[in-house]
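One structure is given below, encoded as structure tokens.
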Protein chains: 2
Amino acid sequence: MKRLQLEDISKQLGYSKTLISMVLNGKGNQYGISKKTQEAVLKAVAELDYTPNKFARALRTGKSFFVGLIVADISNPFYSTIAKNIEAVLFEQGYNLMVCSTGENEEHEKRLVEMMVNQQGVDGLIVASTFKNADFYTNSRYANTPFVFIDRVLPLFNANYVVIDNYGGSIEIVNHLIKQNCKTVACFSITPSYISTIEDRINGYKDAIIKNKLKVDESLIKQIRFDTIQKDVEQSLNELLKSTTAIDAIYCLNNNITTALLIALRKKEFEKLASKIKIASFDDIDLFNIIDRKIISVSQPIEDIGKNSSLLILDVINGKQTNKSNVVLSTKLIER
Amino acid sequence: MKRLQLEDISKQLGYSKTLISMVLNGKGNQYGISKKTQEAVLKAVAELDYTPNKFARALRTGKSFFVGLIVADISNPFYSTIAKNIEAVLFEQGYNLMVCSTGENEEHEKRLVEMMVNQQGVDGLIVASTFKNADFYTNSRYANTPFVFIDRVLPLFNANYVVIDNYGGSIEIVNHLIKQNCKTVACFSITPSYISTIEDRINGYKDAIIKNKLKVDESLIKQIRFDTIQKDVEQSLNELLKSTTAIDAIYCLNNNITTALLIALRKKEFEKLASKIKIASFDDIDLFNIIDRKIISVSQPIEDIGKNSSLLILDVINGKQTNKSNVVLSTKLIER
DNA sequence: AGATAAATTTAAAAGGTTTTAGATTTTTGG
DNA sequence: CCAAAAATCTAAAACCTTTTAAATTTATCT
């Protein structure tokens with residue numbers, strides 16, 4: 001069964017392809033097609049169940065109605081929740097989403113962007129970038145492609161973005177810990193730590209300590225590598241427990257680290273020693289409602305990142321934007 | 001800056017568009033283009049950084065190099081892990097993934113399939129269908145579109161699929177419970193229960209009981225509705241605890257239910273009463289490694305669903321398939 | 001060298017839409 | 001009833017590839 005095309009409808013109806021195309025694109029009035037004709041066309045098209053060939057349309061208009069989403073890992077619930085919300089908004093507007101993961105690899109991110117823009121012809125791109133700086137994106141090649149950055153910002157780069165107030169959330173939770181009489185708060189950070197979210201959280205951690213007239217002890221800030229997360233967490237925990245300074249709390253900069261820490265704490269060698277230590281986590285996950293330990297956390301409005309960024313990219317695509325738009329969403333402290 | 005096109009390369013090089021197109025598509029030898037010419041073309045194209053217009057190519061060839069993925073909810077880790085693995089395989093082969101969520105809604109699934117096939121022109125579709133039966137998919141409209149079904153099968157439908165051995169896994173875990181002297185095993189199922197995965201798990205549960213010469217007590221099988229999961233679980237738990245029959249174990253048919261049950265068990269009213277009850281879960285999640293309670297679970301080879309289904313859809317797309325392919329992946333019992 | 005065969009290369013068509021510029025029909029005014 | 005204006009409608013071009021069918025160039029053989 002051959003696909004129906006404009007020509008077929010044209011012959012059946014006795015109107016030109018032009019006219020039918022105009023009506024279908026909602027430009028009937030604009031081009032002065034009479035009400036009666038428009039109705040007839042719409043009715044016939046509905047009956048015959050015709051839909052325009054996507055490629056021909058894209059070729060002619062240069063619009064694909066595709067938006068790309070590039071994140072580190074789509075199987076990470078944080079990003080998949082964002083994806084879900086983006087997709088819902090786009091679908092409403094007749095757009096589609098194309099998702100790819102970089103695996104936190106800069107070269108892979110490059111390839112994906114190139115591919116999406118050059119070959120796949122996306123109309124716009126939403127990116128949680130792994131890059132250290134914006135060099136790649138400031139390239140004039142991308143000047144014409146709408147971009148919205150999410151989750152992470154690139155330094156010195158005037159771009160559209162939708163992010164969380166990582167600094168503020170971090171200040172709030174560390175403040176809270178100190179008010180609860182945790183004077184010595186260790187921090188489990190993650191490598192690569194140049195990523196803006198992590199940078200901001202560390203800065204918030206430090207500034208909260210300073211504002212409370214306490215001293216920042218660099219030896220309490222531990223770097224955890226993403227691909228050896230469990231091992232690194234256990235080693236850092238070991239160091240902390242063996243050191244002479246007693247620790248009141250450990251603040252984990254993301255949910256992966258918190259999870260790893262919780263797993264570590266189930267081991268015999270840590271269980272007792274660390275039982276008094278408070279645990280705080282940037283990013284709140286379901287898990288914290290199930291376990292016995294009372295985790296203090298900062299929850300992020302993940303859905304809002306998706307909704308905001310998708311609405312924003314549509315505005316940019318449709319030329320409804322004048323200035324770059326910078327959205328910073330507030331976090332919420334969750335005590336337990 | 002206007003996009004480079006075949007014509008520009010042609011003028012610069014002094015070869016026809018035809019020739020350049022042939023070389024770029026790797027058909028140089030097939031059409032007898034000399035080695036020297038081919039090299040010259042490739043070099044020039046690389047230097048000028050030309051990439052063919054995707055839409056023009058798709059229009060001419062009818063191939064989009066897009067595969068669609070339709071699942072109930074892309075923010076569910078189960079599906080997002082599948083998505084990640086599919087995407088990785090497709091990317092290797094020059095294909096792209098387009099993901100959409102149905103929200104477990106049949107009408108929405110219809111719209112998505114129609115849209116992907118008719119308007120977006122995907123080359124193939126991977127679907128975890130929400131439908132009760134295959135009527136929609138047996139429609140001749142879709143006869144020409146490659147489909148691979150995953151996770152769930154539709155009854156009486158001769159199609160390609162990649163699924164888990166839900167029946168076998170269920171038998172194994174219930175068997176294990178009974179061997180551990182849990183004679184009375186309650187079952188928390190989920191509505192809609194016509195979904196093949198759930199059906200198979202319930203059948204496995206029943207058959208394991210029968211094979212062990214015990215009686216199936218229908219009153220121990222509780223239906224949990226997906227959208228009121230927490231409330232329903234607590235109500236069912238309440239019923240069980242109040243009834244005269246003592247329960248040895250509760251078997252939850254998916255990780256959402258298990259999680260809800262674990263949350264419920266933290267409440268004062270249940271905590272003590274249920275402390276002796278063993279908990280079993282179809283689908284193993286990280287959480288089980290962190291909490292104190294020893295959860296017995298069946299783990300599913302989630303990555304393999306993604307890998308297998310994507311390789312399969314590519315075979316179908318490329319006409320390398322003769323008969324429908326049915327893949328059933330084994331589960332693994334995890335004792336704790 | 002001339003005719004034929006083999007090796008390279010290319011012109012033109014096809015794919016199905018949207019848009020521009022222009023044609024045709026209908027209405028209006030005198 | 002005719003000319004001009006307004007209202008509808010349409011032919012053809014454009015979008016940029018890939019592929020078919022044919023042309024041109026080079027090699028081979030007598």
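Within every chain, numbering begins at 1; the chains are lettered A, B, ... in the order of the sequence lines, protein sequences first and strands thereafter.
- Note on ring orientation: taking the six-membered ring where Trp is involved, the planes of A/Phe149 and A/Tyr137 are perpendicular (angle over 60°, cut-offs 30° and 60°).
- Put simply, CD on B/Glu7 is 14 Å from P on D/dT18, counting in whole angstrom units.
- Nucleotide D/dA7 holds its C1' atom 13 Å from the CD atom of A/Gln38, rounded to whole Å.
- Judged by distance alone, the side chain of B/Asn133 and the main-chain N or O of B/Asp135 form a donor-acceptor pair under 3.5 Å.
- Atom CG in A/Leu4 sits roughly 14 Å away from atom C1' in C/dT17 (whole-Å rounding).
- Contacts between residues 50-63 of chain B and DNA chain C, defined by a heavy-atom separation under 4.0 Å, are made by B/Ala56, B/Leu59, B/Arg60.
- Listed for the A/Asn318 side chain is no donor-acceptor partner under 3.5 Å among the backbone atoms of A/Lys320.
- Put simply, the side chain of A/Asn105 never gets that close to the backbone of A/Thr102: no donor and acceptor are under 3.5 Å apart.
- Looking at heavy-atom distances under 4.0 Å, A/Lys35 makes no contact with the nucleic acid at all.
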Polar atoms only, N or O, under 3.5 Å: list the protein pairs with nucleotides 6-10 of chain C and their distances.
| from | atom 1 | to | atom 2 | distance (Å) |
| --- | --- | --- | --- | --- |
| C/dT9 | OP1 | B/Thr37 | OG1 | 3.1 |
| C/dT9 | OP2 | B/Ser34 | N | 3.3 |
| C/dT9 | OP2 | B/Thr37 | OG1 | 3.3 |
| C/dT10 | OP2 | B/Ser16 | N | 2.9 |
| C/dT10 | OP2 | B/Ser16 | OG | 3.3 |

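- Per the geometry, NZ belonging to A/Lys11 stands 16 Å off C1' belonging to D/dT10, to the nearest Å.
- A distance-only check finds a donor-acceptor pair linking the side chain of B/Ser10 to the backbone of B/Tyr15 [under 3.5 Å].
- Taking atom CG of A/Leu24 as the reference point, atom C1' of C/dG16 lies 13 Å away to the nearest angstrom.
- Ring geometry for B/Phe147 versus B/Tyr142: interplanar angle over 60°, hence perpendicular rather than tilted (30 to 60°).
- Between the CD atom of A/Gln30 and the C1' atom of D/dT8 there is a distance of 15 Å, rounded to whole Å.
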Does the side-chain hydrogen bond (donor to acceptor under 3.5 Å, both in side chains) test come out yes or no for B/Thr130 and B/Glu106, once each step is laid out?
CA-CA 6 Å; B/Thr130 291; B/Glu106 298 198 354; over 6 Å; no
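- Taking A/Asp73 as the reference, B/Lys84 meet the salt bridge (charged side-chain N to carboxylate O under 4.0 Å, His left out) condition, with sequence neighbours excluded.
- Around NZ of B/Lys63, the count of heavy atoms belonging to other residues, nucleotides or ligands within 6.0 Å exceeds 12.
- Look at CD on B/Gln5: it is 14 Å from C1' on D/dT18, rounded to the nearest Å.
- D/dC15 atom P lies 12 Å from atom CG of B/Asp8, rounded to whole Å.
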